[in-house]
Number of protein chains: 2
Amino acid sequence: MARAATTLDPFNAIAEPKRRLVLGALAAGGGELTVNALTNTLGWPQPQVSKHLAVLRQVNLVSVTRRGRERMYRVNGEPLRSIHYWTKAFEQFWEHQLGRIKDRAEAMANHVQSPSKHPKETTQ
Amino acid sequence: MARAATTLDPFNAIAEPKRRLVLGALAAGGGELTVNALTNTLGWPQPQVSKHLAVLRQVNLVSVTRRGRERMYRVNGEPLRSIHYWTKAFEQFWEHQLGRIKDRAEAMANHVQSPSKHPKETTQ
DNA sequence: TTGACATATGCCGATATGGGTATATATTGT
DNA sequence: ACAATATATACCCATATCGGCATATGTCAA
């Protein structure tokens, strides 16, 4: 088995730097842009843009609306919200890097699953 | 070229579901755990655990300390903070999008310019 | 020293990925 | 009907990835 399909979840979708740029361009463009506009803004070959958009579409990070022969792509923030929350769960690990990690982790333990208790020292 | 190396940035590192589980387990285990503890908690073959830890190590998502023949792995939140901020930039795109995506997209299309009568293909 | 334990690493195979190029599929304009 | 425009897809290739298994490396214990 290789890496899980990119199309399965938003984490994977935004793992690709160019896909993040696409989302950024869309956001900067007022939230919605045409493939053509994106292609010009990003300066990439059109098929490349379309392909990345296809991936973003599959994980629901963007939605499309046809307008004549153009397609309007819009950012859909929902999936990013879940990622935002996932990372937030680790907030304690960047706020007090050196202190009280254990105490706060206890609270987290109640949220996730039972950790294997092996009370060791807080290493040097 | 295939996807950019997983070791290059945290976005890629956490794209792998199992790696997220590793981080979760570490967090639940008080912020730091032994490879052995992780292996038991996760129930995966040890080499697999070690390899995922190696990736997380390379993007600085975890740090290690040797303790005898064991190695204590610790969550390092910093890289997750940047991801947290990146997603936050899209906050505006999930705050006002509580309704059906399709409906909203069409309403938007009507708002902006000439509406399309052929919503054959929307979000895929 | 020998052996058990803890962890990392190397190699292999199957597969998904991203980029490039060409082309198919609309849709609009003349 | 035909050309032009907008976008999506198919195909190919080079490569990185994950998982499994065997094994190397390092450390403690008797």
Side-chain angles (χ1 to χ4, degrees), chain A residues 1-9 11-22 32-59 62-74 116 118 120 123, chain B residues 1-9 11-22 32-59 62-74 113-124:
Chain A
M1 233 218 239
R3 180 183 295 189
T6 234
T7 70
L8 293 185
D9 78 279
F11 282 94
N12 245 320
I14 66 167
E16 167 65 49
K18 296 204 171 173
R19 231 121 55 196
R20 267 173 272 152
L21 289 177
V22 169
E32 59 176 29
L33 281 180
T34 281
V35 177
N36 217 359
L38 272 172
T39 299
N40 292 331
T41 298
L42 298 167
W44 307 338
Q46 175 266 313
Q48 194 174 353
V49 175
S50 280
K51 281 185 205 168
H52 282 304
L53 283 172
V55 174
L56 293 173
R57 221 167 44 207
Q58 289 179 81
V59 297
V62 299
S63 56
V64 212
T65 309
R66 303 185 58 164
R67 283 178 47 186
R69 53 185 158 187
E70 303 183 326
R71 306 219 177 171
M72 193 56 94
Y73 277 84
R74 308 188 74 258
S116 67
H118 244 277
K120 308 239 173 180
T123 321
Chain B
M1 234 217 214
R3 178 183 296 188
T6 233
T7 72
L8 294 185
D9 78 279
F11 282 93
N12 244 320
I14 66 166
E16 167 64 50
K18 296 203 171 174
R19 231 121 55 196
R20 266 173 275 153
L21 290 177
V22 169
E32 57 176 31
L33 280 180
T34 282
V35 177
N36 216 1
L38 272 172
T39 299
N40 292 331
T41 298
L42 298 167
W44 307 337
Q46 175 266 313
Q48 193 174 353
V49 175
S50 280
K51 280 182 199 171
H52 282 305
L53 283 172
V55 173
L56 294 173
R57 222 166 42 206
Q58 289 179 80
V59 298
V62 299
S63 55
V64 213
T65 310
R66 302 184 57 165
R67 286 180 50 187
R69 53 185 159 186
E70 303 184 325
R71 306 220 177 170
M72 192 58 92
Y73 277 85
R74 221 170 309 104
Q113 267 192 19
S114 54
S116 168
K117 266 66 177 182
H118 312 284
K120 268 172 82 175
E121 194 179 339
T122 316
T123 309
Q124 188 49 278

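Quantities reported herein were computed from a predicted structural model and do not represent experimental measurements.
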J.: With a 4.0 Å heavy-atom cut-off, tell me which residues in residues 35-45 of chain A come close to DNA chain C, sorted by residue number.
T.: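 Result for residues 35-45 of chain A: A:Pro45, sorted by number.
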J.: What integer distance in Å separates A:Glu16:CD from D:dT17:C1'?
T.: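 Computing the A:Glu16:CD to D:dT17:C1' distance gives 14 Å.
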J.: Output yes when at least one side-chain N/O atom of A:His52 is less than 4.0 Å from OP1 or OP2 of C:dG19, else no.
T.: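 For C:dG19, OP1 or OP2 has a side-chain N or O of A:His52 closer than 4.0 Å.
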J.: Report each atom pair, protein N/O against N/O of nucleotides 23-27 of chain D, whose distance is under 3.5 angstrom.
T.:
residue, atom, partner, partner atom, Å
D:dG26, O3', B:Arg66, NH2, 2.9
D:dT27, OP1, B:Arg66, NH2, 2.6

J.: Holding to side chain to side chain donor-acceptor pair (under 3.5 Å), I want the full list of residues that pass it with B:Ser50, two or more places apart in sequence or in another chain.
T.: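 If we apply the side chain to side chain donor-acceptor pair (under 3.5 Å) test to B:Ser50, skipping adjacent residues, the hits are B:Gln46.
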J.: Roughly how many Å is it from CG in A:Leu33 to P in D:dA6, rounded to a whole number?
T.: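 These atoms are roughly 15 Å apart.
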J.: Can you list everything that forms a side chain to side chain donor-acceptor pair (under 3.5 Å) with B:Arg71? Sequence neighbours excluded, please.
T.: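 Applying side chain to side chain donor-acceptor pair (under 3.5 Å) to B:Arg71 gives none.
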J.: In Å and rounded to the nearest 0.5 Å, what is the CG to NZ distance from B:Leu56 to B:Lys51?
T.: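 Output value for this atom pair is 14.5 Å.
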J.: Quick one: do the B:Ser63 and B:Arg74 side chains pair a donor with an acceptor below 3.5 Å?
T.: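 The answer is yes; a qualifying pair exists.
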J.: How close or far is atom P of D:dG20 from atom NZ of B:Lys18, stated in whole angstroms?
T.: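 Those two atoms, NZ and P, are 6 Å apart.
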J.: Between the two ends of the helix from C:dT1-D:dA30 to C:dT30-D:dA1, what is the bend in degrees, rounded to 10 degrees, where each end axis spans five pairs?
T.: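 Angle reported: 10°, given to the nearest ten degrees.
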J.: Expressed in angstrom and rounded to an integer, what is the separation of B:Gln58 atom CD from C:dA8 atom P?
T.: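 Taking atom P of C:dA8 as the reference, CD of B:Gln58 is at 12 Å.
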J.: Rounding to an integer number of Å, can you tell me how far A:Ile14 CD1 sits from C:dT17 C1'?
T.: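 Taking CD1 of A:Ile14 and C1' of C:dT17, I get 17 Å after rounding.
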J.: Among all residues two or more places apart in sequence or in another chain, which pass the side chain to side chain contact (heavy atoms under 4.5 Å, CB included) test with B:Pro47?
T.: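 By the side chain to side chain contact (heavy atoms under 4.5 Å, CB included) rule, B:Pro47 matches B:Pro45.
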J.: With sequence neighbours excluded, what pairs up with A:Arg20 under the side chain to side chain contact (heavy atoms under 4.5 Å, CB included) test?
T.: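 Side chain to side chain contact (heavy atoms under 4.5 Å, CB included) list for A:Arg20, sorted by chain: A:Ile14, A:Pro17, B:Asp9, B:Phe11, B:Trp86.
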J.: Sequence neighbours excluded, which residues qualify as side chain to side chain donor-acceptor pair (under 3.5 Å) partners of A:Thr34?
T.: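 Partners of A:Thr34 by the side chain to side chain donor-acceptor pair (under 3.5 Å) criterion come out as none, since no residue qualifies.
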J.: Considering just the side-chain nitrogens and oxygens of B:Lys51, establish if one lies under 4.0 Å of OP1 or OP2 belonging to D:dG20.
T.: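 No, no such contact exists.
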J.: Starting from P on C:dT7, measure out to CZ on B:Arg57 and report it in whole angstrom.
T.: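 After rounding, the reported distance stands at 12 Å.
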J.: Excluding sequence neighbours, so at least two apart, what forms ring-ring contact (aromatic ring centres under 6.0 Å, His included) with B:Tyr73?
T.: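 Not a single residue meets the ring-ring contact (aromatic ring centres under 6.0 Å, His included) criterion with B:Tyr73.
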J.: Does B:Gln48 make a side-chain N or O approach to OP1 or OP2 of D:dC18 shorter than 4.0 Å?
T.: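 No, B:Gln48 has no side-chain N/O under 4.0 Å of OP1/OP2 on D:dC18.
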J.: Would you give the length of the straight line joining atom CD of B:Glu16 to atom CG of A:Asn12, rounded to the nearest 0.5 angstrom?
T.: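 It comes to 7.5 Å.
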J.: For the pair made of CG in B:Leu53 and C1' in C:dT7, what is the distance, rounded to whole Å?
T.: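 To the nearest whole Å, that distance equals 10 Å.
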J.: How many whole angstroms separate atom OH of A:Tyr73 from atom C1' of D:dT7?
T.: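 In whole Å, D:dT7 C1' lies 8 Å from A:Tyr73 OH.
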J.: To the nearest 0.5 angstrom, please state how far the CG atom of A:Leu33 sits from the CG atom of A:Leu53.
T.: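 CG of A:Leu53 is found 10.0 Å from CG of A:Leu33.
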J.: Rounded to the nearest 0.5 Å, what separates atom NE2 in B:His52 from atom CG in B:Leu38?
T.: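 That separation rounds to 11.5 Å.
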